[in-house]
Amino acid sequence: MNHLLEQIKRNNASAFTHSGKFHADDVFSAALLLYLNPEISITRGNKVPEDFEGVVFDIGRGQYDHHQKDSRIRENGVPYAAFGLLWEALGEEILGEELAEKFDQSFVQPLDNNDNTGEKNELATLIGNFNPAWDAQGNNDQAFFQAVSVAGMILENKFERYRGNERADKRVEELLEAHEEEIQSGKTAEKEAKILILPEFVPCQKRLSETEIAFVIFPSNRGGYCIQPQKKEYSLNYKCSFPVEWLGLENEDLVRVTGLESAGFCHKGGFLMTAGTLEDAVKACEISLKEFHEKPVVVNFGGDISVDELLLQLPKLQAAKVVHIDFPQLPELEMQGIYGEVLMEKQEWKAAVKEQVKEILKYKPEAVFVGNTTFSAYPVVHMLRKKHIPVLTMVERNGEKILVRIPSGS
């Protein structure tokens, strides 16, 4: 059995962490210990008692502290904090190896990075706001444990969500196999091959983006059926959209334009439609597939027109439209040594970046090429990647110019 877990779960288990101002790191560390043993006693103080035999974290320069000079750093460069060190030792016991690693990447690492570098993190800010005001009287242990209680609820919900997603992944694979068998046997008509009918709602969007399935139909908890278009892989765009004249309509108005007697509602954003019968739900998908015509778009951001030919050689983009957007003119630079300092207020700069991204996104691009201004365009590139849009640039290899995708973390 895991030695640390054994220590946490034993009768009269105890733990010690620092007193004073608390952060997401020590709060989530405490919540993790309490998740594993709700009876564990957690004490806060300025110095670890010499005779203390429990779990010590975020203080004392021990195995679960990170304030020593030789504190550990992950292979990807993200430094460990106490929460990460404890999760490394305990996570697999809670979620299993694969899910524990995913949880570390998506949930633990951002909090560790915040504690070590101060990089902004909304969850860390929320937890930090539990600290008493600067002029509050008395110690802040009560506030600490209030924050730990909230963190504990977040952890429980997150763990269940991860387990639920794993169950969903298995269920989706079963449904896809059955769908493929029906197509092969001829039970599902060719025109319905891009429509997946689920017996119940299952989170499946990410997996289905890798397939040819364009629509999913499932029973609504309000009665009738929901219809959801599916996005392309690494794209904000749907493989097929509802006709534009359907968007934002409901009841009689939607029945009139669709010709479907049980049509109920079509969201103005185009991501959901409802129908009273399965037959009408399937017909709505078939009509959409028949009428859908869309030319893909690639944005050439600050690049030369000579790149267009290469962009149109990309898979599935041979018929794409290339839209050129000039890289914005930077403010005048005031030279300081070898570096330039941009004369722009921080908020003004952020607004400019958001406006630039908005200008790009209005074209719903399948990909964005960034010209020779990759370094200057990094804030825009970063925001596009957060929206899962492929960002390309050009490199020269063996005298030949080729397109490459800017990887995660660049």
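In this structure, Glu233 does not pair ionically with Lys206, as no charged nitrogen and carboxylate oxygen lie closer than 4.0 Å. Taking the charged nitrogens against the carboxylate oxygens, Arg167 and Glu160 do have a contact shorter than 4.0 Å, which makes a salt bridge. A salt bridge links Arg171 to Glu200: at least one charged side-chain nitrogen sits closer than 4.0 Å to a carboxylate oxygen. Lys102 has a carboxylate O that lies under 4.0 Å from a charged side-chain N of Glu98, or vice versa, which qualifies the two as a salt bridge. A salt bridge links Glu359 with Lys362: at least one charged nitrogen is closer than 4.0 Å to a carboxylate oxygen.
Counted within 6.0 Å of CD on Glu174, heavy atoms from surrounding residues, nucleotides or ligands total more than 12; the atom is thus considered enclosed. For Lys364, the NZ atom is loosely surrounded, since the number of other residues' heavy atoms within 6.0 Å does not exceed 12. Within 6.0 Å of CD1 in Ile402 there are more than 12 heavy atoms belonging to other residues, nucleotides or ligands. Counting non-hydrogen atoms of neighbouring residues, nucleotides and ligands closer than 6.0 angstrom, the CD atom of Glu212 reaches no more than 12 such neighbours.
Residues Leu361 and Leu384 meet the side-chain proximity criterion, which asks for heavy atoms closer than 4.5 Å. Here the side chains of Leu36 and Ile94 are in contact, with some heavy-atom distance below 4.5 Å. Using a 4.5 Å heavy-atom cutoff, the side chains of Val353 and Met383 are in contact. A 4.5 Å side-chain heavy-atom check between Asn113 and Pro79 finds at least one atom pair inside the cut-off. No side-chain heavy atom of Arg385 sits less than 4.5 Å from a side-chain heavy atom of Val368. Side-chain contact between His23 and Asn114 is absent, with no heavy-atom pair separated by less than 4.5 Å. For the pair Ser220/Tyr225, no side-chain contact is recorded, criterion being any heavy-atom separation below 4.5 Å from C-beta on. Put simply, the side chain of Leu310 does not reach to within 4.5 Å of the side chain of Phe369, judged on heavy atoms.
A distance-only check finds no donor-acceptor pair linking the side chain of Asp304 to the backbone of Val307 [under 3.5 Å]. The backbone N or O of Val370 lies less than 3.5 Å from a partner atom in the side chain of Thr393, making a donor-acceptor pair. A distance-only check finds a donor-acceptor pair linking the side chain of Asp25 to the backbone of Phe83 [under 3.5 Å]. A distance-only check finds a donor-acceptor pair linking the side chain of Lys239 to the backbone of Thr211 [under 3.5 Å].
Ring geometry for Phe22 against Phe144 counts as perpendicular: the plane angle is over 60°, on a 0 to 90° scale with 30° as the lower cut. Classified by interplanar angle (parallel below 30°, tilted 30° to 60°, perpendicular above 60°), the ring pair Phe327/Phe301 is tilted. The aromatic rings of Trp246 and Phe242 lie parallel to each other, their planes meeting at an angle below 30°, with 60° marking the opposite boundary. Note: Phe103 and Tyr162 have perpendicular aromatic rings, judged against thresholds of 30 and 60 degrees for the angle between ring planes.
Taking every heavy atom of both residues into account, Ser262 and Thr277 meet most closely at OG-N, 3.2 Å. Scanning all heavy atoms of the two residues, the minimum distance from Ile227 to Cys285 falls at CG2-SG, 3.5 Å. Among all heavy-atom pairs drawn from Leu95 and Leu99, the shortest one is O-CB, 3.4 Å. Across Ala82 and Ser29, no two heavy atoms sit closer than the pair C-OG, 3.6 Å. The two residues Ala214 and Cys240 have their closest heavy-atom pair at CB-CB, 4.1 Å.
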For this session: Carefully, step by step, assess Lys283 and Glu279 under the rule salt bridge (charged side-chain N to carboxylate O under 4.0 Å, His left out).
Result: CA-CA 6 Å; Lys283 285 182 179 178; Glu279 181 182 8; 3.4 Å; yes

For this session: Just do the ring pair (Phe, Tyr, Trp, His ring centres under 6.0 Å) check on Phe107 and Phe159 with the steps written out, would you?
Result: CA-CA 11 Å; Phe107 188 84; Phe159 293 159; 8.2 Å; no

For this session: Might you work through the salt bridge (charged side-chain N to carboxylate O under 4.0 Å, His left out) test for Arg207 and Glu210, ending with a clear yes or no?
Result: CA-CA 6 Å; Arg207 175 66 179 90; Glu210 305 165 6; 3.3 Å; yes

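In this model, no donor atom of one side chain and acceptor atom of the other lie less than 3.5 Å apart for Asn2 and Glu92. Side-chain contact, Asn116 with His66: a donor N or O sits under 3.5 Å from an acceptor N or O. Remark: the Gln205 side chain and the Gln228 side chain contain an N/O donor-acceptor pair separated by less than 3.5 Å. A donor-acceptor contact under 3.5 angstrom links the side chains of Arg44 and Asn140, judged on distance only. A donor-acceptor contact closer than 3.5 angstrom is absent between the side chains of Thr17 and Asp58.
Annotation: cation-pi geometry satisfied between Arg74 and Tyr80 (NZ/CZ under 6.0 angstrom from ring centroid, within 45° of ring axis).
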